[in-house]
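Following: one structure in structure tokens, then a few remarks.
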Amino acid sequence: MITLLDGTRTYAEIQRSVGDSQPLGEVLQILTEERLLSRVGHLEGSFAKLGDERAEFYDRQLRLLQDFCDQGLTDLPTGVQLQERVDRSTAVVCGVGGLGGWVALSLANAGVGTIRLCDFDRVEPSNLTRQTLFSVADVGASKVEAAGARLRAANPFVTVETFDRRVTSPADLADLVDGADIVINAIDLPTPNDTSTWVSEACWPDVPHILGTGYAYHIGVLGTTVLPGQTACWTCVRTETFADHGRDRMESLVGKREKAGAIGALCGLVGSILAWEAIRVLAGLPPALSGRWSEVDFWPLEIRSRPIPRRPDCPTCGKGRDGVPPSHRPDGPAPV
Ligand SMILES: [Zn+2]
């Protein structure tokens, strides 16, 4: 019976072939519950709509995307349509160091159509143990140029745009985020909170963004995904988390933050989670990191999360607001 479920026969034809003694309905119910059925009968045939080269390149990923469709997790019926959505999208990766490099590589692998990279730095020998886009031959080169070459080599179907630029304000990001579908902040200097505030202001209220992420020693911060108008915004998040880590107790750790301990394996874990989150947003799948703040402790390998609700009185996204961040209003308070 199962060999007849190849998408070319109707229910009645299969029932006639196996005879009335075999309970087709029951078998289909079990297969459905076990998620072993796909709505598309001839998967490779549906993949071919992308063209032979892309269909072959994305084969395994298309099977995963199709599975999301089969489980009813998306608004589209086929994995090919989800892939086309990703193909048409534009992602901005701010900072291509320890986290941003892994994010950018995974987005390129997934086929995000246009990837914009922004960084001002040059590759140093001490980067190579954790910054996956660079090799020994790249030492001294512009990070965005070396990263761009690596991504183009990884996937010939994506376009990579590079911005050799230091970000010190929201204005520095205006042209990068224009028309983007997702912006991921992976700039950690002067602090992840400062740069996240700039990215949030540059993106608000049009562009989804992933902010507040970071990694040092054995702790990864997964930050949060902001879908403007739908989820808690960066101001909501900062209001909730501002009191974390008493200022006095942080003093003794300042010296450790300057050149934080890090290893490529853990950079890759945090960066890959962020890339997966970005791909979900670009494919129109529900995000996993919205409305919450999560930290991974890699020592016991545990993720700790807490909910971050939208605040009704939030000066940025609260009820009745005009969608303009407070620092952009002539009479508004400074951002938190
Ligand atoms: Zn808010």
Side-chain angles (χ1 to χ4, degrees), residues 89-95 99 103 167-174 176-188 190-214 220-247 270 273-274 276-282 284-296 303-336:
S89 63
T90 296
V92 179
V93 182
C94 300
L99 288 186
V103 174
V167 175
T168 59
S169 74
D172 292 334
L173 294 159
L176 268 110
V177 308
D178 186 34
D181 300 291
I182 188 84
V183 177
I184 303 104
N185 182 38
I187 306 177
D188 58 354
T191 73
N193 284 339
D194 289 325
T195 56
S196 291
T197 299
W198 299 334
V199 170
S200 166
E201 291 194 23
C203 290
W204 195 266
D206 300 316
V207 183
H209 37 288
I210 302 175
L211 300 173
T213 62
V221 181
L222 303 180
T224 196
T225 302
V226 176
L227 305 179
Q230 299 176 49
T231 69
C233 75
W234 181 241
T235 310
C236 293
V237 171
R238 289 299 291 144
T239 305
E240 189 74 28
T241 61
F242 189 69
D244 289 8
H245 314 299
R247 290 284 166 108
V270 176
I273 290 172
L274 301 177
W276 165 232
E277 177 76 353
I279 291 165
R280 289 170 71 129
V281 172
L282 295 176
L285 298 163
L289 297 176
S290 283
R292 64 191 264 198
W293 186 260
S294 301
E295 296 182 1
V296 195
I303 297 181
R304 297 184 289 253
S305 289
R306 64 166 137 159
I308 307 276
R310 262 184 96 176
R311 301 173 73 89
D313 60 344
C314 173
T316 301
C317 74
K319 208 175 173 188
R321 293 292 159 182
D322 53 12
V324 178
S327 62
H328 284 186
R329 293 187 201 114
D331 59 342
V336 184

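Just so you know, ligand 1 is whichever comes first in the structure, and atom 1 is the first atom listed for that ligand.
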When the ring planes of Trp293 and Trp234 are compared, do they come out parallel, tilted or perpendicular, using 30° and 60° as the limits?
tilted

For residues Val270 and Gly220, report the shortest heavy-atom separation together with the two atoms involved.
CG2-CA, 3.9 Å

Between Asn185 and Ile210, is any pair of side-chain heavy atoms under 4.5 Å apart?
no

Answer whether the closest heavy-atom distance between the side chains of Pro208 and Asp181 falls below 4.5 Å.
no

Work out how many protein N, O or S atoms lie closer to the Zn ion (ligand 1) than 2.8 Å.
4

With sequence neighbours excluded, what pairs up with Thr231 under the side-chain hydrogen bond (donor to acceptor under 3.5 Å, both in side chains) test?
none

Counting only N and O atoms by type, is there a donor-acceptor contact under 3.5 Å from the side chain of Arg280 to the main-chain atoms of Pro286?
yes

